[in-house]
Q: 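Questions regarding the structure given below will be posed in turn.
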Number of protein chains: 2
Amino acid sequence: MSDIVKDSLPAIPETAFGDSGAETGTADSRAEIGTAHKQKTRIQITNEAKILEAALEVFSKDGFRGATLDRIATAAEMSKPNLLYYFSSKEDIHIALLTKLLDLWLAPLRNLRADGDPREELSLYIQHKLQMSRQLPRESRLFANEVLRGAQHIGPLLKENLYDLVNEKAAIIQSWIDAGKLAPCDPRHVIFAIWATTQHYADFDVQIRSVLRRDDDDQSHYADAEQFLTTLFMGQLVKD
Amino acid sequence: MSDIVKDSLPAIPETAFGDSGAETGTADSRAEIGTAHKQKTRIQITNEAKILEAALEVFSKDGFRGATLDRIATAAEMSKPNLLYYFSSKEDIHIALLTKLLDLWLAPLRNLRADGDPREELSLYIQHKLQMSRQLPRESRLFANEVLRGAQHIGPLLKENLYDLVNEKAAIIQSWIDAGKLAPCDPRHVIFAIWATTQHYADFDVQIRSVLRRDDDDQSHYADAEQFLTTLFMGQLVKD
DNA sequence: TAACATTTTTACCGGCTGGTCAAATATTCA
DNA sequence: TGAATATTTGACCAGCCGGTAAAAATGTTA
């Protein structure tokens with residue numbers, strides 16, 4: 001494993017919860033009702049974090065429809081009605097979770113710099129995304145589940161935030177193409193390909209482990225993946 | 001679109017059902033009980049096909065847990081008990097469907113020839129896989145859903161059939177590496193990368209359409225995808 | 001057509017699901 | 001402390017879920 005490179009990447013937080021930030025979406029949690037934002041209680045903060053952590057665990061495993069409030073409540077170590085005291089519905093939890101994690105999920109792409117070297121920027125992006133697949137597989141599967149189902153809960157977010165971000169960064173890649181540093185192509189497909197290849201290692205984990213005969217806690221193939229993907233995207237796979 | 005290339009690829013059947021072949025799995029359908037294989041009735045054949053087609057539609061949209069027997073029955077234009085006359089349980093339908101489609105799904109990889117030119121063989125594989133994403137997105141999402149959930153119903157198939165096939169084809173790629181035609185790497189990651197990038201266009205369809213602002217029936221981006229992926233895997237993306 | 005096998009339907013069931021309600025308990029703060 | 005507020009709980013519900021049983025209807029074949 002390339003620890004040197006790993007250290008050079010932005011740190012990925014162990015838990016994405018516990019930070020501030022208001023809920024969004026269709027239904028506000030009880031504490032958010034009213035026009036004025038009331039100060040959150042200590043208990044509120046910790047319990048909402050516990051619920052979102054539990055929801056991440058359950059939703060990422062079973063998908064939205066497969067998940068049950070009972071299981072989330074059990075995982076959060078509280079009763080179901082108590083859970084519904086903090087979030088008004090199952091949908092509400094799911095939307096809050098996705099919304100809160102979307103920024104974290106898109107952070108690597110945000111780091112793509114126009115003034116950097118194309119090779120270095122793309123390599124860093126791949127490494128960062130791969131690191132997230134390894135360290136945050138639940139988040140990856142959460143989004144995979146949601147998008148597979150047609151993005152019924154974050155459709156608007158995709159059409160606004162994601163659209164803007166991708167096209168902003170695609171412009172950077174386009175400038176590299178214009179400078180003759182990349183082959184002419186729709187730069188958005190470059191981004192798609194990096195998403196696909198890196199997230200694949202989290203989303204299709206079981207399949208990969210079946211083919212590679214890797215135990216559940218064995219992550220040694222990530223080093224191979226990083227080297228291979230770098231080679232692939234740097235145009236050094238096929239030789240003349 | 002490259003119709004020339006498309007025509008050169010093996011035809012993909014409109015419907016994968018209606019062919020012969022016994023069910024496998026834990027629970028046999030009613031008609032399969034007993035040691036001797038009874039001849040299937042006309043009605044049996046058509047109804048089982050209708051059920052599997054309906055199940056593909058529903059399972060690929062909602063996943064296993066999100067799908068309901070009522071919805072499958074409605075889609076198959078029959079009553080729920082009638083449906084359960086042909087398949088003994090929801091699980092039974094799901095397993096029968098996955099088992100029956102697995103061969104179709106792996107066909108492109110089976111076509112990889114050792115005696116072909118690496119560039120040509122890989123290009124063909126990418127094109128064939130991409131064509132399947134475009135024409136059989138439901139099948140793609142069916143498998144994506146199943147693997148995301150930990151492959152609880154086709155775990156054994158992955159550890160046997162898929163393992164064997166991938167490693168057999170990986171040996172071919174390895175021979176190309178040994179011949180100096182490809183950069184040294186674990187050839188199984190080459191296969192993973194092709195799976196990931198091509199299936200991404202079916203599994204993350206909504207996301208892609210959000211970013212590209214494509215209507216539901218607009219598939220024009222597949223041409224771009226094919227050209228880009230070919231460029232990528234042929235090592236012509238990044239220039240010196 | 002009569003005897004038989006196959007297919008379909010109607011009625012039903014227990015368990016789980018998301019969610020409600022009111023009462024009980026814990027916490028905060030004047 | 002005590003009143004006000006925030007939190008937790010247990011009891012409950014209507015609707016949906018996968019699945020069953022048995023009879024009715026349909027098809028097959030001698």
Side-chain angles (χ1 to χ4, degrees), chain A residues 23 25-34 36-51 54-55 58-59 61-97 152-153, chain B residues 25-34 36-52 54-55 58-59 61-97 152-153:
Chain A
E23 260 78 43
T26 51
D28 286 319
S29 74
R30 187 94 141 238
E32 304 282 329
I33 285 174
H37 276 276
K38 286 181 184 173
Q39 185 78 11
K40 277 188 186 176
T41 314
R42 270 197 342 271
I43 299 175
Q44 241 169 55
I45 292 169
T46 63
N47 277 355
E48 284 181 8
K50 271 176 74 178
I51 290 169
V58 177
F59 279 137
K61 236 178 217 157
D62 302 332
F64 178 73
R65 306 195 66 155
T68 71
L69 288 178
D70 290 87
R71 255 203 299 275
I72 297 173
T74 301
E77 295 172 302
M78 64 181 67
S79 64
K80 186 169 60 173
N82 198 13
L83 188 157
L84 286 164
Y85 170 74
Y86 291 100
F87 293 90
S88 57
S89 71
K90 185 183 171 182
E91 220 182 6
D92 192 25
I93 302 176
H94 197 231
I95 293 173
L97 184 61
Q152 302 197 348
H153 288 156
Chain B
T26 51
D28 286 319
S29 76
R30 186 94 141 235
E32 304 282 330
I33 284 175
H37 276 276
K38 286 180 184 173
Q39 186 78 11
K40 277 188 185 174
T41 314
R42 273 198 337 273
I43 299 176
Q44 239 168 56
I45 291 169
T46 63
N47 277 353
E48 283 181 10
K50 272 176 71 178
I51 291 169
L52 289 178
V58 177
F59 280 137
K61 236 177 218 159
D62 302 332
F64 178 73
R65 307 197 66 157
T68 71
L69 288 180
D70 290 88
R71 254 203 300 274
I72 298 174
T74 301
E77 293 173 303
M78 63 180 70
S79 64
K80 186 169 59 173
N82 197 13
L83 188 155
L84 286 164
Y85 170 73
Y86 293 100
F87 293 90
S88 59
S89 71
K90 185 183 172 184
E91 220 183 4
D92 193 24
I93 302 176
H94 198 231
I95 293 173
L97 185 62
Q152 301 197 346
H153 288 156

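A quick note: this is a predicted structure, and the numbers were derived from the prediction, not measured. Throughout, a chain's letter reflects where its sequence line sits, starting with A, and its residues are numbered from 1.
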Q: Expressed as a whole number of angstroms, how long is the span from B:Glu77:CD to C:dT9:P?
A: 12 Å
Q: Could you tell me whether B:Ala73 contacts a base, only the sugar-phosphate backbone, or nothing, with contacts defined as non-hydrogen atoms closer than 4.0 Å?
A: nothing
Q: From B:His94 NE2 over to B:Phe59 CZ, what is the distance, rounded to the nearest 0.5 angstrom?
A: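 It is 5.0 Å, given to the nearest 0.5 Å.
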Q: Counting only side-chain nitrogens and oxygens, does B:Tyr85 get under 4.0 Å of the OP1 or OP2 atom of C:dT7?
A: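 Yes, such a contact exists.
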Q: To the nearest 0.5 Å, how far apart are CD1 in A:Ile45 and NZ in A:Lys50?
A: 14.5 Å
Q: Can you check whether B:Asn47 has a side-chain N or O nearer than 4.0 Å to OP1 or OP2 of C:dT8?
A: yes
Q: Please classify the nucleic acid contact of A:Ser79 as base, sugar-phosphate, or nothing, using heavy-atom distances under 4.0 Å.
A: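 Base contact.
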Q: Could you walk me through whether A:Met78 and A:Ile51 pass the side chain to side chain contact (heavy atoms under 4.5 Å, CB included) check?
A: CA-CA 9 Å; A:Met78 64 181 67; A:Ile51 290 169; 3.9 Å; yes
Q: Is any side-chain N or O of A:Gln44 closer than 4.0 Å to OP1 or OP2 of D:dA6?
A: no
Q: Whole angstroms only, please: what is the CG-C1' distance between B:Leu84 and D:dC17?
A: 12 Å
Q: Just so I know, are the side chains of A:Ile93 and A:Leu69 near enough to count as touching, which here means a heavy-atom distance under 4.5 Å?
A: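 SC-SC contact between A:Ile93 and A:Leu69 confirmed.
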Q: Whole-Å distance between C:dG18 C1' and A:Leu69 CG?
A: 6 Å
Q: Separation of B:Arg71 atom CZ from D:dC17 atom P, in whole Å?
A: 7 Å
Q: Do nucleotides 21-30 of chain D as a string where each nucleotide becomes B, S or -: B if the base has a protein heavy atom under 4.0 Å, S if just the sugar-phosphate does, - if no protein is that close.
A: B------S--
Q: Rounded to the nearest 0.5 Å, how far apart are CG of B:Asp92 and NE2 of B:His153?
A: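 Spacing of CG (B:Asp92) from NE2 (B:His153) equals 10.0 Å.
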Q: How many whole angstroms separate atom CD1 of A:Ile72 from atom C1' of C:dG19?
A: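 In whole Å, C:dG19 C1' lies 13 Å from A:Ile72 CD1.
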Q: I'd like to know if the side chain of B:Thr68 reaches the main chain of B:Arg71, judged simply by a donor and an acceptor atom lying under 3.5 Å from each other, with no hydrogens or angles considered.
A: yes
Q: For A:Leu83 and C:dT20, what is the distance between atoms CG and C1' respectively, to the nearest whole Å?
A: 14 Å
Q: Return the CZ to CD distance between A:Phe64 and A:Glu91, rounded to the nearest 0.5 Å.
A: 5.5 Å
Q: Within this structure, what is the CG-to-P distance between A:Asn82 and C:dT27, rounded to whole angstrom?
A: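 Answer to the nearest Å: 13 Å.
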Q: Just how far, in rounded Å, is P of D:dA6 from CD of A:Glu48?
A: 14 Å
Q: Can you say whether a donor on the side chain of B:Lys80 sits under 3.5 Å from an acceptor on the base of D:dG18, or the other way round?
A: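 When only heavy-atom distances are counted, B:Lys80 does reach the base of D:dG18 through a donor-acceptor pair under 3.5 Å.
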